[in-house]
Structures are given as structure tokens and as C-alpha cells.
Amino acid sequence: MKKIIIINGPNLNLLGKREPDIYGSLTFIEFFETIKLKYPSVTLEHFQSNIEGEIIDKIQEAGFSFDGIILNAAAYTHTSVGIGDAVAAIETPVVEVHISNTFKREEFRHHSYIAPNAKGVIVGFGLQSYELAVTSFI
Ligand code: DQA
């Protein structure tokens, strides 16, 4: 069975409550339970942290043992050389995802430190961005 982990960065623990016009009204856990049931052929794990170093630790840990990483580094996407370097350092392919279409938003959201080392990028499909990333690994 393929092992895939979704790693979510800062403020994504507030999904469902946070700016629902941009990020929707479902909590991540509600959504995660539905995709786990929908794709029983893969082992899906989920990790969230608001702390940059914890995200780097998790990328390093999963990066030599999982078959895929789905990474929404949230605001750190646009700021973190360290997370970009972690993605470059590991063996596991990383799909970068964003819920909102970051290219339709402020200029500072247009740049990603992750994209140059990602297998691919999925942007702007709401929570379905994560599901499209899961199917890319199947
Ligand atoms: C986000 C987009 C980022 O610009 C923002 O900082 C987030 C969420 C998204 O999924 O749309 O927190 O990564």
C-alpha cells in the first residue's frame, strides 16, 4: 500500500473558521475523513503545524519513508528557504497544493520556495486541490 502524508502549515488548523469565503466552511479533519474513505487503496496520514521547524522535521522524517508528500506550507510557501531546502533534500516526491488561487491574490503569494523542487503544483481548487494531489500518486 502506498503511504502518503498531507503536511499542512500555519493557520490551516483553522480551516472551517478562517476566512470561509476564501478557504471554505469544512474543517480539514472532516474533509480528511472523507478522502480517507474514498481512497482506501492508499494509507493517508495528516500532520499540521504552525511552527516552521516542525514542518521541516516532518518533511525530513517522511522524506525517506513515504511514497508521496502533499505539502501546503501556507504562508511559509512564500517565505521559507528552509522548507524549500528540505523539499530539495529528500527522496519522496512532493506535490505542492494551495486551496485558493494564489495567483489571483496579492503579489507576495505568487512566489513559492517549494515549487522549484516539487513534482507538481495544484492551486485554486478549494479542498479538492488535496484530492487531486492524492490521485496524482495513485
Ligand atoms: C494557502 C495560500 C497561502 O498564500 C496562505 O498564506 C495560506 C493558505 C492556500 O492553501 O490557499 O495560508 O496556502
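Counting convention: from 1, in listed order, for ligands and their atoms alike. Throughout, numbering of the chain's residues begins at 1 and tracks the sequence.
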### Candidate pair Tyr113 and Tyr76, rule ring-ring contact (aromatic ring centres under 6.0 Å, His included), full reasoning
CA-CA 8 Å; Tyr113 281 102; Tyr76 289 143; over 10 Å; no
### Message
Please list the nearest protein heavy atom to atom 9 (C) of ligand 1 with its residue and the distance rounded to 0.1 Å.
### Response
Ile99 N, 3.3 Å
### Query
What is the nearest protein non-hydrogen atom to atom 6 (O) of ligand 1, stated with its residue, atom name and distance?
Arg109 NH1, 3.0 Å
### Message
Show me which atoms of ligand 1 lie under 4.0 Å from any heavy atom of Ser100.
### Response
2 (C), 9 (C), 11 (O)
### Ile22 and ligand 1 - part of the residue with a heavy-atom distance under 4.0 Å
neither
### Query
Which bit of Thr77 gets closer than 4.0 Å to ligand 1, counting heavy atoms only: side chain, backbone, both or neither?
neither
### Task
Please report which non-hydrogen protein atom sits nearest to atom 2 (C) of ligand 1, along with the residue it belongs to and the distance in Å to one decimal place.
Thr102 CG2, 3.7 Å
### Query
Taking only heavy atoms of His78, which atoms of ligand 1 are found under 4.0 Å from at least one of them?
3 (C), 4 (O)
### Task
In plain terms, say whether Glu96 and Lys119 are close enough for a salt bridge, that is, a side-chain N and a carboxylate O under 4.0 Å apart.
no
### Query
What orientation do Phe103 and His110 show, parallel under 30°, tilted 30 to 60°, or perpendicular over 60°?
tilted
### Query
Does a donor on one side chain sit under 3.5 Å from an acceptor on the other, for Asn50 and Gln48?
yes
### Message
Testing the basics here: between Ile138 and Lys2, what is the closest heavy-atom pair and its distance to 0.1 Å?
### Response
C-NZ, 4.3 Å
## Note on the structure
Looking only at protein heavy atoms, what sits closest to atom 1 (C) of ligand 1 is His98 ND1, 3.7 Å
#### Entry: Heteroatom proximity flag, Ala75 to ligand 1, N/O under 3.5 Å
yes
#### Entry: Numbering as shown, the atoms of ligand 1 that approach Arg18 to under 4.0 Å (heavy-atom distance)
7 (C), 12 (O)
### Message
Counting neighbours of CD on Glu107 that are heavy atoms of other residues, nucleotides or ligands and sit closer than 6.0 Å, is the number greater than 12?
### Response
no
### Query
What do you reckon, is CZ of Phe32 surrounded by more than 12 foreign heavy atoms closer than 6.0 Å?
yes
### Query
Tell me, which protein residue and heavy-atom name are nearest atom 8 (C) of ligand 1, and how many Å apart are they?
Tyr23 OH, 3.5 Å
### Query
For the side-chain contact (heavy atoms from CB on, under 4.5 Å) test, which of His111, Arg109, Glu106 pairs with His78?
Arg109
